[in-house]
Amino acid sequence: MKKFGLCILTLIGVISFSCSSDDNANNSNETPTIIGKWKITSIELNDEISTLSECHLQQTMTFQENGDLIEYAVENEMVTPCTFSTETIKYSLEGDVLTFISESEGTEENPNLTINEVLKLDESTLVYKELSQGGVSLSDNKQQIFTHVRID
């Protein structure tokens, strides 16, 4: 009988320690970060998903902690192999508003701004809708939805 009681106490001790509430592995209060390298997977316009070329599927965006966004984009897909260019622009993310700031397409006093609404941001997926470009609001039928997956 003493062995049985000892087994029960040991079992209760094991269960108590295994059910600890100090589980840091899945902290649901953490906000996903946009920092990292993302690869485009789709572009949607008016509920239709565009078929992306092999060249477009190689495009990436790398968001850095210092506010720089490095875009690796198709420059010319009409040549074989495709040619790409790399451009560094500024970005900001405030709430669900993702802004791209390109001084190369505007001026220092009046940079080219692209305003996007973030529809989804988690550990593996970034989805945003382009609301305005160059300071001009886009009508609903011209708002593209971009989907990216994290690759780094």
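- Residue Asn141 places its CG atom among more than 12 non-hydrogen atoms of other residues, nucleotides or ligands, all under 6.0 Å distant.
- Note on Leu126: it clusters hydrophobically with Leu52, by side-chain heavy-atom contacts below 4.5 Å among ILVMFWY residues.
- Salt bridge Lys142/Asp140: absent, no basic N to carboxylate O contact under 4.0 Å.
- In terms of heavy atoms, Ile101 sits closest to Ile89 at O-CB, 3.5 Å.
- Side-chain contact between Val127 and Val118 is absent, with no heavy-atom pair separated by less than 4.5 Å.
- Under the 4.5 Å side-chain heavy-atom criterion for ILVMFWY residues, a single connected hydrophobic cluster contains both Met61 and Leu57.
- In this structure the side chain of Ile70 reaches within 4.5 angstrom of the side chain of Gln64, judged on heavy atoms.
- Taking 4.5 Å as the limit, some side-chain heavy atom of Thr60 sits within range of a side-chain heavy atom of Ile151.
- Following chains of ILVMFWY side-chain contacts shorter than 4.5 Å, one can reach Leu98 starting from Ile40, so the two form part of one hydrophobic cluster.
- Hydrophobic clustering (side-chain heavy atoms under 4.5 Å, transitive across Ile, Leu, Val, Met, Phe, Trp, Tyr) groups Phe146 together with Ile34.
- Arg150 places no side-chain N or O within 3.5 Å of a backbone atom of Lys39 that could act as its donor or acceptor partner.
- Side-chain contact between Glu130 and Gln144: present, with at least one pair of heavy atoms (C-beta onward) separated by less than 4.5 Å.
- Inter-residue side-chain proximity for Leu119 and Glu117 is flagged as met; some heavy-atom pair is nearer than 4.5 Å.
- Contact annotation: the side chain of Val97 approaches that of Ile115 to within less than 4.5 Å [non-hydrogen atoms, C-beta and beyond].
- A donor-acceptor distance shorter than 3.5 angstrom exists from the side chain of Ser53 to the backbone of His56, with no hydrogens or angles considered.
- Annotation: side chain of Cys82 is not in contact with side chain of Glu54 (no heavy-atom distance under 4.5 Å).
- Ile35 is connected to Leu93 through a chain of hydrophobic side-chain contacts under 4.5 Å among Ile, Leu, Val, Met, Phe, Trp and Tyr, so both are in one cluster.
- Classified by interplanar angle (parallel below 30°, tilted 30° to 60°, perpendicular above 60°), the ring pair Tyr128/Phe100 is perpendicular.
- Among all heavy-atom pairs drawn from Ser132 and Ser137, the shortest one is CB-CA, 3.7 Å.
- Thr33 is not listed as a side-chain neighbour of Phe63, based on a closest heavy-atom distance of 4.5 Å or more.
- Asn112 places a side-chain N or O within donor-acceptor distance of the main-chain N or O of Gly134, the cut-off being under 3.5 Å.
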